[in-house]
Amino acid sequence: MTLFDDYLTGGLALKNRIVMAPMTRCRTTQPGNIPNAMMADYYAQRAGAGLIITEATQISPQGQGYSFTPGIHTAKQIEGWRLVTDAVHQKGGKIFLQLWHVGRMSHESFHHGEPPVAPSAIKPDAQVWVADENGQGSMVDCPRPRALEIDEIGKIVEDYRKAAANAMKAGFDGVEIHAANGYLLDQFLRSTSNIRNDIYGGSIENRARLLLEVVEAVSDEVGASRVGVRLAPFITARGMHCPDIINTILYVAGEVDDLNVAYLHLSEADWDDAPQVSEGFRQQLRARYKGSVIVAGKYDQIRATEIVNKGYADLVAFGRPFIANPDFPTRLQHGWRLAEFDSTTLFGGSEKGYVDYPNYSQ
């Protein structure tokens with residue numbers, strides 16, 4: 001097998017096994033966090049991926065934690081995303097919308113001066129990107145959140161359901177539920193960020209309850225074959241070092257296997273001295289979950305091909321290489337040199353560092 005073989009997941013035919021990973025870029029039109037024509041160009045340029053997963057997209061105003069990130073909860077946002085999906089489909093691409101609620105990874109400036117919400121009132125050791133009235137952004141510390149009341153949690157489940165329905169109206173091929181990287185659903189999964197003593201805290205089953213309720217609600221709305229789930233078993237940043245997370249992830253994997261979702265997407269630790277993902281974990285995951293697996297985490301072509309051929313993954317997601325290389329799959333296939341991206345243009349700004357990277361030219 002190679003990365004360039006076609007692949008079928010959830011009834012969706014992909015032209016290769018290369019996934020464009022979700023990456024926050026903060027280029028929406030203001031006010032209203034509305035996707036725009038420049039974003040449509042950006043994604044269409046990268047439609048050579050077997051599957052594009054969009055930048056994380058807030059399901060509600062409460063779910064926002066960074067300036068200029070897109071939403072999927074207003075009519076104008078749906079119209080804006082339709083520009084994106086039409087552009088990608090015209091280039092023969094497939095695209096899923098990543099559904100996002102940041103939880104405590106936020107700032108009071110997004111919530112009329114009120115604190116963000118979380119499973120428990122525990123301040124994260126983390127920062128978020130906040131822009132001023134002139135559009136200039138910087139990283140600021142997250143405040144102490146307030147714990148969600150139990151009667152508020154059902155509203156969040158419904159927000160996910162509505163967001164998934166809106167994604168279908170916008171023309172997406174499916175949705176990915178973001179339950180990784182220290183955001184709300186991940187916060188519920190971990191004993192370090194969730195110290196609740198009700199049905200959403202304590203045991204593995206209780207800490208996983210919200211995520212599974214969301215997966216069921218979204219699957220009921222759009223069909224399980226149109227739903228992916230992103231998890232982060234080895235991420236420890238942002239106060240997420242939970243001693244029980246591997247057992248929790250394996251439990252979740254077994255539960256979503258029963259729901260027949262399209263795929264599990266593993267966000268693996270990608271810093272320089274990050275722990276290696278053991279073969280034992282990969283084997284346990286495959287025993288619990290029989291569907292498609294996407295892995296992401298500083299993979300190159302050699303490592304990506306190896307993990308696919310070992311049977312531990314079916315698709316491999318690449319993040320930053322896609323920024324500076326809109327034709328990234330073609331460059332890999334032909335062994336062409338990869339361009340370097342400009343890290344100063346990651347968040348916010350204009351076309352520079354966004355849609356002005358050229359395709360390869362010999």
Side-chain angles (χ1 to χ4, degrees), residues 1-19 21-22 49-53 94 96 98-99 160 164 172-180 185-186 189 204-205 207-235 244-269 276-297 299 303-318:
M1 289 186 291
T2 75
L3 297 178
F4 313 108
D5 298 334
D6 56 13
Y7 184 74
L8 186 70
T9 181
L12 196 66
L14 308 181
K15 56 191 170 187
N16 56 55
R17 294 173 181 263
I18 298 171
V19 176
L51 175 64
I52 291 173
I53 304 171
K94 300 290 196 303
F96 273 38
Q98 190 183 65
L99 302 179
Y160 273 100
F172 283 96
D173 297 295
V175 296
E176 177 177 283
I177 297 166
H178 196 352
L185 298 178
D186 198 18
L189 289 178
I204 286 176
E205 293 79 7
R207 284 184 278 114
R209 188 183 304 276
L210 176 57
L211 171 56
L212 296 177
E213 287 179 350
V214 168
V215 174
E216 289 186 15
V218 171
S219 296
D220 286 346
E221 186 66 40
V222 305
S225 66
R226 300 286 185 176
V227 179
V229 179
R230 195 176 210 215
L231 300 168
F234 295 96
I235 299 296
D244 202 24
I245 191 58
I246 299 303
N247 290 331
T248 305
I249 293 292
L250 291 173
Y251 168 76
V252 169
E255 294 298 301
V256 298
D257 186 61
D258 291 340
L259 297 173
N260 295 314
V261 298
Y263 64 78
L264 279 185
H265 182 182
L266 300 183
S267 176
E268 299 178 0
Q276 293 294 312
V277 180
S278 70
E279 295 244 343
F281 170 76
R282 296 195 191 281
Q283 291 165 358
Q284 287 180 292
L285 183 75
R286 277 301 199 190
R288 301 289 185 94
Y289 179 73
K290 306 301 191 301
S292 299
V293 173
I294 303 174
V295 293
Y299 279 87
R303 288 184 59 232
T305 302
E306 182 180 79
I307 197 167
V308 168
N309 282 322
K310 283 185 173 181
Y312 294 143
D314 303 287
L315 304 115
V316 181
F318 298 85

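It should be emphasised that the depicted structure is a prediction, and the values quoted were computed from it without experimental measurement.
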### Message
Between Asp5 and Val308, does the side chain to side chain contact (heavy atoms under 4.5 Å, CB included) criterion hold? Intermediate values first, please.
### Response
CA-CA 11 Å; Asp5 298 334; Val308 168; over 6 Å; no

CD of Glu205 to CG of Leu212, rounded to nearest 0.5 Å, is 10.0 Å

- Message: Quick check: do Val252 and Val215 have side-chain heavy atoms less than 4.5 Å from each other?
- Response: no

Next item on the list: Start with the C-alpha gap between Leu231 and Leu189, add the side-chain angles, then the distance that decides, and say whether side chain to side chain contact (heavy atoms under 4.5 Å, CB included) holds.
Entry: CA-CA 10 Å; Leu231 300 168; Leu189 289 178; 4.2 Å; yes

Worksheet item: Do the non-hydrogen side-chain atoms of Val293 and Arg282 ever get within less than 4.5 Å of each other?
Response: no

Separation between CG (Asp186) and OG (Ser267), nearest 0.5 Å, reads 9.0 Å

Check whether any side-chain heavy atom of Tyr289 sits under 4.5 Å from a side-chain heavy atom of Val261, and report yes or no.
yes

Asn16 meets the side chain to side chain donor-acceptor pair (under 3.5 Å) criterion, sequence neighbours left out, with none

Distance col, row Lys94:NZ vs Leu12:CG, nearest 0.5 angstrom, shows 5.5 Å

So CD of Glu176 and CZ of Arg230: to nearest 0.5 Å the spacing works out to 6.0 Å

Val222 and Ala164 have their tightest heavy-atom pair at CG1-O, 3.7 Å

Using 30° and 60° as the class boundaries, would you call the ring planes of Phe234 and Phe281 parallel, tilted or perpendicular? perpendicular

- Is there side-chain contact between Leu259 and Glu216, with heavy atoms separated by less than 4.5 Å? yes

task = For residues Leu211 and Glu255, determine if any side-chain heavy atom of one lies less than 4.5 Å from a side-chain heavy atom of the other.
result = no

>> Could you tell me if the side chain of Thr305 sits less than 4.5 Å from the side chain of Thr2, heavy atoms only?
In response: no

Q. Side chains of Tyr263 and Leu51: does their closest heavy-atom pair fall under 4.5 Å?
A. yes

Rounded to the nearest 0.5 Å, the CD1 atom of Ile18 sits from the CG atom of Leu3 at a distance of 5.0 Å

Sorted by chain and residue number, the salt bridge (Lys or Arg N to Asp or Glu O under 4.0 Å) partners of Arg286 (sequence neighbours excluded) come out as Asp314

Checklist entry - Are the side chains of Tyr312 and Leu266 in touch, meaning some heavy atoms are under 4.5 Å apart? => result no

- Query: Just by distance, do the side chain of Arg226 and the backbone of Asp173 share a donor-acceptor pair under 3.5 Å?
  - Reply: yes

Rounded to the nearest 0.5 Å, the OG atom of Ser292 sits from the CZ atom of Arg17 at a distance of 8.5 Å

Look at the side chain of Thr9 and the backbone N and O of Ala262, then say whether any donor-acceptor pair between them is shorter than 3.5 Å. yes

No-hydrogen, no-angle side-chain donor-acceptor test under 3.5 Å, Tyr299 and Glu268: yes

- [ ] Take Phe96 and Val19, measure what side chain to side chain contact (heavy atoms under 4.5 Å, CB included) needs, and give me the verdict at the end.
- [x] CA-CA 11 Å; Phe96 273 38; Val19 176; over 6 Å; no

query: Counting only N and O atoms by type, is there a donor-acceptor contact under 3.5 Å from the side chain of Arg288 to the main-chain atoms of Leu250?
result: yes

